[in-house]
Amino acid sequence: MSAEPIAPALLAWYRENGRLDLPWRQTRDPYALWLAEIMLQQTQVKTVLPYYQRFLQRFPDFERLAAADIDEVLHLWTGLGYYARARNLHACAKVIVTEHGGRFPADPAVAMSLPGIGRSTAHAILASAYDQDWAILDGNVKRVLSRYHAFAGDPASSEGQRLLWSLAEAETPVNAAHDYNQAIQDLGATLCSRSKPSCALCPLQPGCQAYLQGLTAQLPRRPERRQMPVRLAWLSIIEDGQHRVLLQRQGPAGLWGGLWTLPQRARDELEGPSEAAQGFAADLGLHLQVAGALPAARHTFTHFHLDYIPLLMRSMGTKGIRDAKDLAWVSPADPGRRGLARPTERILHQLAGTGQPKLW
DNA sequence: AATACGTGGTG
DNA sequence: TCACCAAGTAT
C-alpha cells in the first residue's frame, strides 16, 4: 500500500454525508448491533429496516430471543431470505445466555465461534459495541479497497481474500474503527457503487488508483459466472374441506430450512402431479387441475407447477403426510405465527383473497 | 476450495 | 425478460 491512507478523508466525508440516521447507529447495545449485522449480511439497508424494527420490538434482548419459539423467530424473518441466519441467530442467543451470562463476548475469537458469526461480522460488532479497533471486510469494503488500490486479482480467491484483509486492516485507523467502518460501508453503498460510481463526489478520488487509471468500471473483478440452474417443483394445494390447506415443515437444512411450505416435490423426483394425487382425484371424481407450469430461476422459485387438489384429506397416504409433527392445516387467511417461505406465503394470500391462486 | 443459501430491485 | 447485484457464513 503506497497511496495515502484513506481514513482522514473518509471520516471527514462521513461526518457530513454518512447515513447517521440508521437505527443501528443510534445504539451501542451489543444485542441490537448484532441483530443488525446478521440481517445486513447479503441484504440491503432498505430491505432490512422494517424487519429490524419489528424483530427488535418483539425480541428486545438476548434472553427474550433465547426463550422464543423458533417458529416465531422464522415468522419474523419470512421474506428476508437466507433463513440459516435466523436459525443461527436463535441458537446464538441461547449460547450467549447459557454460556456467556447473557453478554455478547468481547473476544473476537470467541465471538467468531458463535453460530452465524464470521470474521467480518464479529469485528463489526466488537468495533461498534465495544469500540475495539477491528477491521471489517464486506462487499462494500472490498469494492472501495479494490478500486482505491487498483487490486485486479480475483477477490474470491484465497490469496485475494488475504490481500484484501491486509488492506482492510492497514487502512483501519487506531481508536476510530467504529466510525471508520461505518464510513467505508456508506461510501461503498452510495458513491462507490458497483455500477456508475459517483467519482466526482468521492472524497477518495485524488488517491484512487482505479480512477486515476480509468479502471473503475473493471474493478473489482467479477467472479466467474456460473450456469444458472433451473429448478422446478410441484407444489400441492391440498384442502381439508374446511378451506384449510396443508403445510409441511422443511427439514433443518437446505432451501427454506425450518420453514413451512406447501407440500412439494422437486421435479426430478416427480414428473407431473403425483400418482397419489391423481388416484385420489379419480376416486373422488375430481379433476386434477394443473394450474400453472413455468420455469424457475436459480434457487428462487419464481414460478410453480401447482397441483390444485381440492380433495378431502384423510386419504393421503404418503410418508410425509403421516408425520403429523411437521404438518399443519392452516387457514390461508391466518396461517399462524410460523415461518413461511415467501412463495408459499404469496399463494396463501391469493387463496385467502380469491380462493384461486393467481398464476405467475 | 467451491458451493449452497433468498429475495427484491435494477438496467 | 433476465442476468446481475446487495452489510457473508457454513460446510
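Quick note on labels: first sequence line is chain A, next is B, and so on, each numbered from 1. Everything numeric in this text was worked out from a predicted model, so none of it was measured.
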Length of the [atom1]-[atom2] vector between [X] and [N], whole Å:
| X | N | atom1 | atom2 | value |
| --- | --- | --- | --- | --- |
| A/I117 | C/dA10 | CD1 | P | 8 Å |
| A/Q161 | B/dA1 | CD | P | 10 Å |
| A/Y82 | C/dA10 | OH | C1' | 12 Å |
| A/R222 | C/dA6 | CZ | C1' | 13 Å |
| A/R346 | B/dT7 | CZ | P | 8 Å |
| A/K142 | C/dC5 | NZ | C1' | 14 Å |
| A/L80 | B/dC5 | CG | C1' | 14 Å |
| A/L259 | B/dC5 | CG | P | 13 Å |

For [X], report the nucleic acid contact type (base, sugar-phosphate, nothing); a contact means any heavy atom under 4.0 Å.
| X | value |
| --- | --- |
| A/L137 | nothing |
| A/W77 | nothing |
| A/R143 | sugar-phosphate |
| A/R25 | base |
| A/T121 | sugar-phosphate |

Taking atom CD of A/E159 as the centre, report whether more than 12 heavy atoms of other residues, nucleotides or ligands fall under 6.0 Å from it. no
Is the CH2 atom of A/W134 crowded by more than 12 outside heavy atoms at less than 6.0 Å? no
Single-linkage hydrophobic cluster, 4.5 Å side-chain cutoff, A/I38 and A/V45 together: yes
A/L33 with A/M112, same ILVMFWY side-chain cluster at under 4.5 Å: no
Of the options C/dA10, B/dG6, B/dG8, whose atoms approach the side-chain atoms of A/R342 most closely? B/dG8
Among B/dA1, C/dC5, C/dT9, the nucleotide that comes nearest once only the side chain of A/S158 is considered: B/dA1
Residues in residues 33-52 of chain A with a heavy atom under 4.0 Å of DNA chain B, by number, are A/Q42, A/T43
Between A/L340 and A/S157, which residue's closest nucleotide on DNA chain B lies nearer the 5′ terminus? A/S157
Test: A/R85 cationic atom under 6.0 Å from A/Y82 six-membered ring centre, within 45° of axis: no
Strand contacts (DNA chain C) in residues 175-197 of chain A, 4.0 angstrom heavy-atom criterion: A/Q185, A/R194
Would you call the rings of A/H123 and A/W165 parallel, tilted or perpendicular, taking 30° and 60° as the class edges? perpendicular
Which label fits A/Y52 and A/W24: parallel for a plane angle under 30°, tilted from 30 to 60°, or perpendicular past 60°? perpendicular
Hey, could you give me each pair passing salt bridge (Lys or Arg N to Asp or Glu O under 4.0 Å) that has a residue in residues 140-158 of chain A? Not counting sequence neighbours. none
A/Y211 side chain vs A/Y148 backbone, donor-acceptor pair below 3.5 Å: no
Given 3.5 Å as the limit, does a donor-acceptor pair link the side chain of A/N175 with the main chain of A/Q132, or not? no
Taking C/dT9 as the reference, what is the distance to B/dG8 when you measure between their P atoms (whole Å, please)? 23 Å
May I ask you to evaluate whether A/R85 reaches the phosphate of C/dA10, defined as a side-chain N or O under 4.0 Å from OP1 or OP2? no
